[in-house]
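Note sheet for the following structure.
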Amino acid sequence: MIDWASPLGWTIITVGQIAAVLVWILISLAFLLWGDRKVWAGVMMRKGPNVVGPFGLFQSFADFLKFVLKEIVIPDGADKVVFILAPLISFTLGFGAWAVMPLAPGWVVANINVGILYLFAVSSLGVYGIIMGGWASNSKYPFLGSLRSAAQMVSYEVSIGFVIITVILLSGSLNLQTIVEKQAGGFWNWNVLGGGGLRQLPAALVMFPMMVIFFISALAETNRPPFDLPEAESELVAGYQVEYSSTPYLLFMIGEYANIVLMCGLITVLFFGGWQAPFPTPFLAAWPATAASFFGFMWFFGKIIFFFFLFAMVKAIVPRYRYDQLMRLGWKVFLPTSLVAVVAISAWRVFGPAA
Amino acid sequence: MFLQAIAFYLLAATTVVSGLAVITARNPVHSVLFLITAFFSAAGLFVLMGAEFLAMILVVVYVGAVAVLFLFVVMMLDVDFTALRQGFARYLPIGAVVAGVLTVEMIFVAKSVANSGAAANSTGPAANVASVTNAEAIGRVLYTDYVYFFQTAGLVLLVAMIGAIVLTLKHREGVKRQDVGRQTARNTASGMRIVSIKSGEGIDE
């Protein structure tokens with residue numbers, strides 16, 4: 001029998017947890033990707049993928065095999081090490097961020113005190129994969145794409161940071177599990193509605209717009225349409241991805257989608273109660289712990305799917321922004337608004353009713 | 001402790017090696033990438049010491065923002081390396097003096113911190129280190145004992161920011177700018193008019 005408290009036991013447990021989360025994300029990504037394409041097709045009155053498997057459900061697996069079996073082409077003038085490193089960084093960061101995501105009561109790989117800062121740090125590192133890929137390709141379009149993306153992601157991180165600060169002020173904690181636990185007891189306790197029933201409802205005047213700003217900034221941060229300027233096909237062919245093919249391209253794409261789902265999870269955790277059900281759940285106390293956790297996990301997953309659906313709809317409906325409009329929105333609209341919101345929420349915490 | 005030891009030696013070795021690589025790499029972009037690796041493993045060392053808040057702030061500020069702009073600038077530079085190397089022997093003494101002063105300063109700071117702790121002269125409410133989180137402990141020191149230094153640092157940064165804006169801001173004449181307010185206020189009545197043009201006359205405008 002292994003001693004679970006020993007270094008060996010700890011390593012086995014942690015690796016097992018990491019593997020479980022990784023497999024869950026990869027499998028969900030395969031179907032979410034399919035759903036993304038189906039929603040997109042539906043808005044355009046097309047059928048979308050419908051050949052591989054029932055309703056085309058296995059399309060993503062077919063694509064996966066196609067990418068893996070293709071030849072890896074590395075351009076002659078490319079900086080080979082950085083060229084290969086870039087998609088690996090994108091992929092690793094996209095999944096590394098999930099380490100602190102609270103999936104259900106007690107279900108989190110690393111329950112660290114500064115969880116939300118960790119997520120913010122990892123998502124701000126995401127720009128390196130893109131900027132390195134664009135530079136290492138040694139080609140004009142990828143380089144222009146990566147420069148655009150660096151400016152874009154740095155700009156929108158600022159407003160995301162301020163929105164996160166408003167949530168931290170409401171919850172009084174940097175720990176994601178604590179932030180979720182504070183929103184227990186029904187949808188009226190969710191941070192988007194002020195985070196404390198009727199008494200805190202006036203804070204919703206600020207928190208609801210903050211949620212919208214977070215959603216839009218998340219679109220920009222993950223280079224999703226309408227902010228997919230780094231890969232705008234009408235101007236830059238495919239931006240930083242032009243020279244990539246086969247598995248490196250696949251790694252970029254999976255990393256990007258992992259980041260998108262992460263942003264859906266983050267908006268759920270910060271504003272919509274994470275794994276909390278939208279109604280009081282006193283009956284859970286009688287359930288076995290695993291069943292209660294699974295109940296929470298289902299809510300969390302459902303909320304992620306809902307926000308992913310919104311991401312897909314935005315992609316299908318909204319036309320792409322122009323670059324100066326993007327910068328104007330980030331610096332002249334979101335930054336001052338979220339800054340005022342931080343002041344307003346701080347004042348609310350000091351002068352408003354006690355939480 | 002065994003795992004901590006492995007992590008420490010791994011991170012420390014990465015920090016030192018990538019620090020050396022920063023100054024030896026021939027390509028400046030590689031230098032910046034090694035610098036980022038050094039920052040990142042230094043953040044890992046902070047986590048090992050229990051300073052998780054500092055570690056995350058290091059990654060967010062230095063790796064996530066400052067180094068991105070470094071990389072941004074360095075990638076667009078077109079540096080002539082032979083010209084750069086020519087002044088090496090001439091500037092070596094000055095560089096050595098600066099490095100020596102910095103080393104002596106760091107030894108003094110490290111010695112005083114090791115002897116009496118960072119908040120030795122603190123008069124404010126002492127935080128019980130075991131019961132509060134990192135962020136709380138730092139906040140208590142920063143906003144009580146060091147509040148004037150903190151505010152001064154903020155002012156210095158503000159002045160630097162305003163200076164950078166003043167230096168680079170240019171208002172070019174004759175550029176068509178988008179006025180979003182005016183654009184969305186436009187409607188059919190103000191944005192369009194129907195003219196019936198007589199043949200061979202055109203519009204008088």
Side-chain angles (χ1 to χ4, degrees), chain A residues 6-11 14 79 81-82 85-86 89 93 100 110 112-128 130-132 134-136 138 143-144 146-155 157-158 160-161 164 168 172-175 178 322 324-325 328-329 332-333, chain B residues 1-7 25-30 32-37 39-40 43-44 46-47 50-77 132-139 165 175-181 183:
Chain A
S6 71
L8 179 72
W10 179 85
T11 313
T14 313
D79 188 321
V81 180
V82 181
L85 218 57
I89 287 180
L93 289 175
V100 296
I112 57 176
N113 277 328
V114 288
I116 191 147
L117 274 179
Y118 171 83
L119 271 184
F120 188 56
V122 171
S123 77
S124 72
L125 289 180
V127 67
Y128 282 113
I130 293 174
I131 200 171
M132 281 164 72
W135 177 78
N138 197 9
F143 188 55
L144 284 174
S146 70
L147 287 185
R148 277 188 178 190
S149 127
Q152 172 179 336
M153 287 170 94
V154 170
S155 309
E157 246 155 48
V158 183
I160 283 196
I164 287 178
I168 294 173
S173 173
L174 294 168
N175 184 320
T178 316
R322 213 173 53 211
D324 63 310
Q325 292 171 327
R328 176 183 169 274
L329 189 69
K332 292 188 178 170
V333 181
Chain B
M1 286 321 284
F2 177 63
L3 284 174
Q4 269 95 325
I6 292 180
R26 286 180 177 271
N27 191 329
V29 173
H30 290 173
V32 176
L33 292 178
F34 278 119
L35 182 69
I36 293 160
T37 321
F39 279 148
F40 199 73
F46 273 138
V47 171
E52 55 212 16
F53 183 76
L54 270 186
M56 293 306 151
I57 292 297
L58 180 74
V59 174
V60 170
V61 175
Y62 282 94
V63 184
V66 175
V68 172
L69 298 181
F70 266 22
L71 204 57
F72 206 95
V73 172
V74 167
M75 276 179 181
M76 290 197 283
L77 284 181
V132 298
T133 62
N134 254 256
E136 218 176 319
I138 291 175
I165 293 173
V175 178
K176 276 193 178 175
R177 288 187 192 282
Q178 184 180 25
D179 185 346
V180 176
Q183 196 175 321

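Chain identifiers are assigned alphabetically (A, B, ...) following the order of the sequence lines, protein sequences preceding nucleic acid strands; residue numbering begins at 1 within each chain. Reckoned from all heavy atoms, side chains included, excluding hydrogens, waters and symmetry mates.
- Residue A121(A) comes nearest to M56(B) through the heavy atom pair CB-O, 4.3 Å, listed as atom of the first residue, atom of the second, then distance.
- Distance check, rounded to the nearest 0.5 Å: CG of N113(A) to CD of E52(B) gives 5.0 Å.
- The nearest pair of heavy atoms linking S124(A) to G64(B) is OG-CA, 3.7 Å.
- Closest approach of V82(A) and L33(B) over heavy atoms only: CG2-CD1, 4.1 Å.
- Summarising the geometry of V68(B) relative to Y128(A), their closest heavy-atom pair is N-OH, 3.4 Å, with the distance given to 0.1 Å.
- Taking V61(B), V180(B), L69(B) one by one and counting their heavy-atom pairs under 4.5 Å with chain A, the maximum is reached by V180(B).
- Neither the backbone nor the side chain of N175(A) comes within less than 4.5 Å of any heavy atom in chain B.
- For A43(B), no part sits under 4.5 Å from any heavy atom of chain A, backbone or side chain.
- Contact of the H30(B) side chain with the D79(A) side chain is registered, since non-hydrogen atoms from C-beta on lie closer than 4.5 Å.
- Contact annotation for T11(A): only side-chain heavy atoms (C-beta onward) come within less than 4.5 Å of a heavy atom of chain B.
- For F72(B) against A151(A), the heavy-atom pair with the smallest separation is CE1-N, 4.1 Å.
- No part of L58(B) comes within reach of chain A, as not one of its non-hydrogen atoms sits under 4.5 angstrom from that chain.
- Chain B forms the most heavy-atom pairs under 4.5 Å with one residue out of V127(A), I131(A), V81(A), and that residue is I131(A).
- Taking CE of M75(B) as the start and CZ of F143(A) as the end, the distance is 6.5 Å to the nearest 0.5 Å.
- The minimum heavy-atom distance between V60(B) and F120(A), with the atom names listed, is CG1-CE2, 3.4 Å.
- In this structure, the side chains of F40(B) and L125(A) come closer than 4.5 Å at one or more pairs of heavy atoms.
- With respect to chain B, the highest number of heavy-atom pairs below 4.5 Å among E157(A), M132(A), R328(A), M153(A) belongs to R328(A).
- A distance of 10.0 Å separates CD in E136(B) from CG in L174(A), rounded to the nearest 0.5 Å.
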